[in-house]
Amino acid sequence: MPDSPSRYARILAWLDQHVIRPFYTDRVRRLILQSFPFWIASILTGVVAVGYEKLFGWAEQVSFSWLGRTPWLAFVLPPLAFGASWLLVRQWAPAARGSGIPQVMAGIELSNPGQHHRTAYLLSLRVAIVKVLSSVVLLLGGGVIGREGPTIQISAAIFRAINKLQPAGWPQLSRQIALVTGGAAGLAAAFNTPLGGIVFVVEELTQMHMARFRMAVFTAVIIAGLTAQTFLGPYLYLGFPKIVPVAGWGQLLVVVIALVCGLAGAAFAKTLLWLGRYRQRFTTLAAQASWVLGCGLLLGCLAYLVGSEGVGTGKPIINRLLFQNDGQTPWYLFPVRFAGMALSYSSGGAGGVFATSLSAGAILGDGICQVFDVAVPDRNLLILVSMVSFLTGVVRSPFTAAILVLEMTDRHSAIFQLLISGLLAQGVASIIDKHSLYEHLKAGFIRETSELAQSPPSRTAD
């Protein structure tokens with residue numbers, strides 16, 4: 001609709017004249033005018049996050065269904081899905097590939113007067129649409145991916161679009177703050193973790209002083225989260241697992257699990273980076289397609305051998321370990337999930353690593369508990385510790401990881417173990433690489449955006 005920006009401007013002007021101006025001082029009026037577009041974007045983010053979650057859940061159930069009824073399709077559907085997911089990204093929005101968080105980080109860094117126009121390549125509405133389509137297609141074929149990172153990129157794209165629609169003369173917050181706020185709202189809506197969204201901004205997305213944008217972030221997180229809750233209810237991402245306090249040698253086991261899982265998470269990040277560099281050797285379309293189809297076929301072989309626990313987000317695995325753990329999880333499930341995550345991410349389609357990293361950490365933690373013969377009722381706290389530690393090893397955000405797991409389970413009694421495990425994992429992961437996966441990928445997207453600054457409009461326009 002070509003006249004939609006002007007219609008949006010007329011609505012804002014009417015609200016200013018008839019609702020805001022008569023009742024508030026100039027300072028309060030300016031603050032409300034600055035915040036109002038972000039409130040609209042937050043509501044849209046909540047609605048989109050809920051729809052995306054429903055679509056993602058449907059796609060995962062479909063993948064479980066065909067794998068359970070007709071296992072031999074594992075040799076057909078994953079390669080086809082991987083190929084289709086990659087083609088969507090390659091043809092319509094190259095910046096839609098992968099997680100989405102590095103793209104938001106790169107967009108924030110580029111949001112300055114001289115370069116802000118380049119953020120369209122990373123965070124346009126076209127990128128957001130392709131992100132949804134590519135990730136859902138990949139998941140239908142059994143991809144081991146999550147939706148949380150993609151939700152953050154989609155949310156940032158929504159905030160960027162709303163920020164662009166504001167009429168001339170309207171009191172505006174900066175483009176950078178719009179993207180930062182969008183990232184926080186996206187994480188809060190994806191996980192139903194408002195504190196996690198705020199901590200994520202401080203720890204991962206920005207180096208700016210919090211006072212500059214705290215009101216925008218707080219209100220966006222609240223509104224996006226409340227919108228999601230309106231449709232989904234006040235749910236917990238992982239429910240209420242029973243926690244048995246650890247004492248004595250159990251405290252030492254917390255340290256062991258944190259160190260092992262932190263190293264494993266860092267090793268996974270290095271694996272993704274190595275695969276990404278190796279894939280760059282394939283420059284022709286045929287060679288790239290062969291790589292993608294090969295990734296799909298290898299994943300299909302794993303899915304055929306392991307079954308439904310070898311595909312998808314891994315959230316059902318976490319729920320099983322926390323609520324229905326029989327103590328018999330096979331040793332090979334962790335390497336299978338590790339390989340599945342790497343194959344799915346390196347295929348070039350869209351998909352995140354947040355949820356899958358949490359599930360990989362849970363499996364590894366349960367395996368360590370088996371090695372040390374920990375009783376099943378005593379494992380839940382150690383599994384939560386392993387989730388925080390593995391995720392920290394990948395993304396290097398220990399407080400975000402700890403707060404996310406805390407809010408997902410409402411287990412406040414475990415807060416000290418979760419925090420210390422995140423810090424231990426952060427320290428040991430730095431032995432393998434001083435920088436996080438997202439920092440490496442952010443630098444790559446900044447270079448890519450700069451090189452494609454003169455790209456045809458079809459690749460960068462909204």
For this session: Look at the aromatic rings of Y438 and F354 and report parallel, tilted or perpendicular, splitting at 30° and 60°.
Result: parallel
So, taking the atom named [atom1] in [X] and the one named [atom2] in [Y], what distance separates them when rounded to the nearest 0.5 Å?
X	Y	atom1	atom2	value
W66	L73	CH2	CG	6.5 Å
W86	Q91	CH2	CD	10.0 Å
S134	L139	OG	CG	11.0 Å
L406	S413	CG	OG	9.0 Å
I198	I222	CD1	CD1	7.0 Å
I317	K315	CD1	NZ	13.0 Å

For this session: Apply side-chain contact (heavy atoms from CB on, under 4.5 Å) to the pair E309 and I363, showing each step before the final yes or no.
Result: CA-CA 11 Å; E309 290 200 334; I363 296 166; over 6 Å; no
Problem set entry | Pair T227-V47, side-chain contact (heavy atoms from CB on, under 4.5 Å): steps then yes or no | CA-CA 7 Å; T227 303; V47 172; 3.7 Å; yes
Donor-acceptor contact below 3.5 Å, side chain [X] vs main chain [Y]:
X	Y	result
S65	V62	no
Q153	A95	yes
Q103	G100	yes
R147	A190	yes
E407	L195	yes
S347	V292	no
R279	G276	no
R90	G349	no
S85	A81	no
T449	F445	yes

[X] versus [Y], closest heavy-atom pair with distance:
X	Y	value
Y52	S135	OH-OG, 2.6 Å
A429	G393	CB-CA, 4.0 Å
L391	S357	CD1-CB, 4.0 Å
D366	N325	OD1-ND2, 2.8 Å
A185	V221	N-CG2, 4.2 Å
R396	Q426	CA-OE1, 3.2 Å

Student check: side-chain heavy atoms of [X] and [Y] closer than 4.5 Å:
X	Y	answer
M408	L358	yes
S42	F159	yes
L437	L273	yes
F82	S344	yes
F323	K242	no
P37	L165	no
L187	L404	yes
T151	F56	no

Problem set entry | side-chain contact (heavy atoms from CB on, under 4.5 Å) assessment of L384 paired with L322 | CA-CA 9 Å; L384 297 184; L322 291 176; 4.1 Å; yes
For this session: Show your reasoning for whether side-chain contact (heavy atoms from CB on, under 4.5 Å) applies to V254 and F416.
Result: CA-CA 11 Å; V254 168; F416 294 111; over 6 Å; no
Problem set entry | Residues R160, T119; criterion side chain to side chain donor-acceptor pair (under 3.5 Å); working and verdict | CA-CA 9 Å; R160 176 183 173 276; T119 60; 3.1 Å; yes
Problem set entry | Atom CZ of F338 with >12 non-hydrogen neighbours under 6.0 angstrom | yes
